[in-house]
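Note that the structure is a prediction, hence the values are computed from the model and not measured.
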Amino acid sequence: MLIFEKSRKGRGCDVLPECDVKTVLPSDANMRKEELHLPEVSEPEISRHYSELARKSHGVNDGFYPLGSCTMKYNPRVNEEAASLCGFTDIHPLQPEETVQGCMEVLKTAEAYLCEITGMDNMTFQPAAGAHGEFTGLLLMKAYHESRNDGGRRKIIVPDSAHGTNPASAAMAEYSVVTVPSGEDGCVDIEKLKEAAGDDVAGIMLTNPNTLGLFDRNILEITEIIHGCGGLCYYDGANLNAVMGITRPGDMGFDIVHLNLHKTFSTPHGGGGPGSGPVGCKKFLSEFLPSFLVKGEDKLTFEKPSRSIGEVKSFYGNFTVVVKALTYILTLGREGIKDAAENAVLNANYMMAKLKDIYPMACRGFCMHEFVMSLSQLKKETGMTAMDIAKGLLDHGIHPPTMYFPLIVDEALMAEPTETESKETIDEAAAVFRELFETARTSPELLHQAPVKTLVTRLDEVKAARHPVLRYR
């Protein structure tokens, strides 16, 4: 039930005293022609309504959430406490700089730590999400080439295992996309990359570890090939959680990187935001960064880079999200950041080892932070799909892993347990995965109906996609 359906005329929860100053209204031209349509409910009804909605949702606080390539780790409460301090919440972006020196110090400190983790020299916090960061990074790349009168570089190389936002961001930046296939090992086909590299290439967009959960052993050769043809190397930081504190994109040869604070650095993820996708770069690109960068020692000031591409978002980005990420970094420290990455890789390999005897894996050997299963053979034998297994997980209180991605794997399920899950949780989840696989072989009709225990059972997803109801009437 929607809160509008609980509305009763005249009911409310305001206890404000009668206004004791003169009421001044806008001109008639600026007044609403119709009364604002808002629900009229009491405070207990509001509280119960949203508590009920929370119980109907599934998040990291509710159970296992192995959503591959999304790093759905637990968000420590200390992050929220820090971001709730009045010195961070009771500010305005137009305040004089001398009145927000502490907030500016947060941005400067976060920039220093994230540059250390990534091997970059400067960073902007303006981008509001990962894909926004991708677009910003490509604008830096574009500005760099144009500054050198090298505007003929109109192509961006993207591996076939890339996140779908990579080619989309490249297209938004008015580049054409050249797709390079993966080799049998699941990594970039070096010979095909060499064929694609040329003086019309602006750069490459690469995720490492990639979406198959593999660290590309040829990464130094890949970035050398692109630099050799005059292009730049962009690092999609979506999977940084597997390598942070261990190896750095800057040391792999990357010139630009975006980070997902709402993945790697434990700020809330999903629900529409706010997210944060800061972009870092090497020094030779810093003059093109969006404004504003924090400069100074005793007195901090905001400075606009000399050849800035301009703002990509109002003011300084989603500031309290940066506060949460910095709190996480300070809490873990240098060794803790490394431990988090190592435990993420350990958990993924442990879960994969518990399943690989019955679930065919897309790639052999060890994985990094995530692994990809293929249900192609199971589908041929039983008619069971990756979707059926995913729906079955819902009945066990487990959020499904990522389905049908990466696109180069047929009937793919991509699982990422993250470092914040215990051995016991992974054992229980693996047992459920195994039970569902056996059910698919012995009683496939049961999985075709799943989920049956959830508030909403299996939907007609084609109808939902083609005829969505997006507005309450």
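For the residue pair Y350 and D427, a side-chain donor N or O sits within less than 3.5 Å of a side-chain acceptor on the partner.
Two residues are said to be in side-chain contact when any heavy atoms from C-beta on lie closer than 4.5 Å; V294 and F292 fail this criterion. Side-chain contact between D388 and R458 is present, with at least one heavy-atom pair separated by less than 4.5 Å.
Minimum heavy-atom separation, H163 to A238: CE1-CB, 3.6 Å.
Of the possible donor and acceptor atoms, one in the side chain of T382 sits under 3.5 Å from a partner among the backbone N and O of L378.
A search for side chain to side chain donor-acceptor pair (under 3.5 Å) contacts involving H399 returns Y65, not counting sequence neighbours.
Between F88 and F319, the ring planes lie perpendicular to each other; the angle is over 60°, past the 30° to 60° tilted range.
Taking the six-membered ring for Trp and the full ring otherwise, F4 and H37 have centroids separated by under 6.0 Å.
Legend: salt bridge (charged side-chain N to carboxylate O under 4.0 Å, His left out) pairs involving residues 68-82, not counting sequence neighbours, sorted by first then second residue: K73-E419, E80-K324. For residues 36-52, the set of pairs meeting the salt bridge (charged side-chain N to carboxylate O under 4.0 Å, His left out) definition, not counting sequence neighbours, comprises K6-E52, R11-E45, E52-K56.
Around CZ of R32, the count of heavy atoms belonging to other residues, nucleotides or ligands within 6.0 Å exceeds 12. Counting non-hydrogen atoms of other residues, nucleotides and ligands closer than 6.0 Å to NZ of K108 gives a total above 12.
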- Message: Pair Y359, F437 - check ring-ring contact (aromatic ring centres under 6.0 Å, His included), show working.
- Response: CA-CA 8 Å; Y359 279 88; F437 195 91; 4.8 Å; yes
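By the 4.0 Å N-to-carboxylate-O rule, K391 lies close enough to E461 to be salt-bridged with it.
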